[in-house]
Protein chains: 2
Amino acid sequence: MIQSLTDLDREHLQEALNKSGQKVTSQREAVFTVLLAERDHPTVDEVFNRAREVMPGLSLATVYNCLETFVGCGLVRQVNHERESTRYCPNLSPHAHFRDKETGRVHDIELPPEVIKSLRAILPPGFDSEIIEISFQGRAQAKDNSAN
Amino acid sequence: MIQSLTDLDREHLQEALNKSGQKVTSQREAVFTVLLAERDHPTVDEVFNRAREVMPGLSLATVYNCLETFVGCGLVRQVNHERESTRYCPNLSPHAHFRDKETGRVHDIELPPEVIKSLRAILPPGFDSEIIEISFQGRAQAKDNSAN
DNA sequence: GTGAGACTTTGAATCATTCTAATTAGTCAA
DNA sequence: TTGACTAATTAGAATGATTCAAAGTCTCAC
Ligand SMILES: [Mn+2]
Ligand SMILES: [Mn+2]
Ligand SMILES: [Zn+2]
Ligand SMILES: [Zn+2]
């Protein structure tokens with residue numbers, strides 16, 4: 001089911017890795033492909049299992065390494081919810097996360113710039129924040145799930 | 001250094017526990033006292049070490065149990081930051097958390113109701129959220145730290 | 001005073017993540 | 001081609017926060 005990367009995505013990967021002095025490897029490409037294929041915020045184990053289908057020799061440690069590398073060069077974001085396993089998200093636009101209590105699924109919620117601004121505005125003087133994480137928890141109506 | 005609870009706080013503890021059919025014990029009182037004494041979002045280990053000063057026989061498991069009980073009856077909130085140890089916060093007013101990258105300290109940031117409203121407003125139809133967690137990360141100017 | 005149930009304690013188990021050491025693969029110079 | 005150098009990958013051990021299981025203690029209603 002996992003197609004390969006589009007030229008654009010491959011370029012994106014290559015550029016981000018090169019920019020931080022790292023190389024494109026077949027493992028990194030496989031892991032990145034998995035992340036882009038199904039944007040459902042998979043855990044490391046889920047990435048591992050999906051990537052193994054196309055690259056049977058891949059090791060779990062390498063999946064950890066690849067994901068850490070990607071986070072380091074800004075290709076993906078980590079998503080933590082309470083103490084559950086870390087999930088990974090290749091959506092680079094500013095967004096919050098919504099976790100469906102019932103299904104455990106994590107959905108992206110676009111964050112309009114004015115909301116971000118109003119959040120920064122509540123910081124007292126002297127507080128300077130680069131990163132804001134917002135996570136909702138509740139129920140999301142089923143809707144579809146086929147594409148995406 | 002750890003005084004005991006004010007009558008008001010003891011009442012608060014008693015009421016919340018009773019409401020969920022649980023008892024006030026000396027361990028629970030000690031742990032709650034520690035949480036109120038220094039509102040610096042301590043980890044379980046920090047709570048454990050502080051509480052042991054006044055109750056040497058206290059066990060780590062009991063600290064876990066007490067804190068879980070408090071969270072369950074709404075007396076305290078858990079505060080998670082990435083995969084670090086969970087911290088605990090007895091501030092019940094709606095607030096976000098600011099983590100100082102440099103010191104690791106966690107500060108409370110009051111959340112005005114209109115900001116909460118504007119956040120709920122970005123949820124697409126069908127998404128219904130009870131809980132919103134907001135955490136900032138960055139630097140906070142030293143300021144004091146004597147009291148509080 | 002007894003018994004039941006709630007609570008606490010100790011120490012073992014879990015499990016996501018990180019670490020270590022050993023291999024492999026890629027790159028470049030000779 | 002070969003060798004050397006380096007980055008990346010691998011397997012498996014170690015870590016560490018948290019949870020679990022079993023046994024002991026306390027409290028309170030009877
Ligand atoms: Mn859903
Ligand atoms: Mn500070
Ligand atoms: Zn996302
Ligand atoms: Zn707080």
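Order of the sequence lines sets the chain letters (A, B, ...), proteins ahead of strands, with each chain counted from 1. Every heavy atom of this structure was used, including side-chain atoms; hydrogens, water molecules and symmetry mates were not.
Remark: P of D:dA17 and CD of B:E82 are 16 Å apart, rounded to the nearest angstrom. The separation between B:Q22 atom CD and D:dT27 atom C1' is 15 Å, rounded to whole Å. One interatomic measurement links the two molecules: CZ of A:R28 to P of C:dA25, which rounds to 16 Å at whole-angstrom precision. Summarising the geometry, the separation between NE2 on B:H81 and C1' on D:dA17 is reported as 17 Å, rounded to the nearest angstrom. To the nearest angstrom, C1' of D:dA8 lies 12 Å from CE of A:M55. Protein atom CG of B:L58 is 16 Å distant from nucleotide atom C1' of D:dG24, rounded to whole Å. Separating the CD atom of B:E29 from the P atom of C:dT8 is a distance of 12 Å, rounded to the nearest angstrom. With rounding to whole Å, B:Y88 atom OH is found 13 Å from D:dA17 atom P.
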| request: Report the C-alpha separation of A:F98 and A:D108 in whole Å, then their side-chain angles, then the decisive distance to 0.1 Å, and conclude whether the side-chain contact (heavy atoms from CB on, under 4.5 Å) test is met. | output: CA-CA 6 Å; A:F98 183 104; A:D108 285 346; over 6 Å; no
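No donor-acceptor contact under 3.5 angstrom links the side chains of A:N65 and A:T62, judged on distance only.
Checking C:dA6, D:dA17, D:dA8 against the side-chain heavy atoms of B:D45 singles out D:dA17 as nearest.
Taking the centre of each ring, B:F127 and A:H107 come in below the 6.0 Å mark. Separation of the B:H81 and B:H97 ring centroids does not fall under the 6.0 Å cut-off.
Listed by first then second residue, pairs satisfying side chain to side chain donor-acceptor pair (under 3.5 Å) with a partner in residues 121-135 of chain A read A:E130-B:K101, not counting sequence neighbours.
Contact annotation: A:R83 reaches the phosphate of D:dT18 (side-chain N/O to OP1 or OP2, under 4.0 Å). The shortest distance between the side-chain N/O atoms of A:T25 and the OP1/OP2 oxygens of D:dT9 is below 4.0 Å. When the side-chain nitrogen and oxygen atoms of A:Q27 are compared with OP1 and OP2 of C:dA25, none of them lie within a distance under 4.0 Å.
For the segment residues 59-74 of chain A, residues with any heavy atom less than 4.0 angstrom from an atom of DNA chain D are, sorted by number, A:S59, A:A61, A:T62, A:N65.
At least one cation-pi condition fails for A:R28 and A:F32: the charged atom is not both under 6.0 angstrom from the six-membered ring centre and inside a 45 degree cone around its axis.
Once rounded to the nearest 0.5 Å, the distance linking CD of B:Q78 with OH of B:Y88 reads 4.0 Å.
Residue contacts shown for A:T86 are limited to sugar-phosphate atoms, with no base heavy atom under 4.0 Å away.
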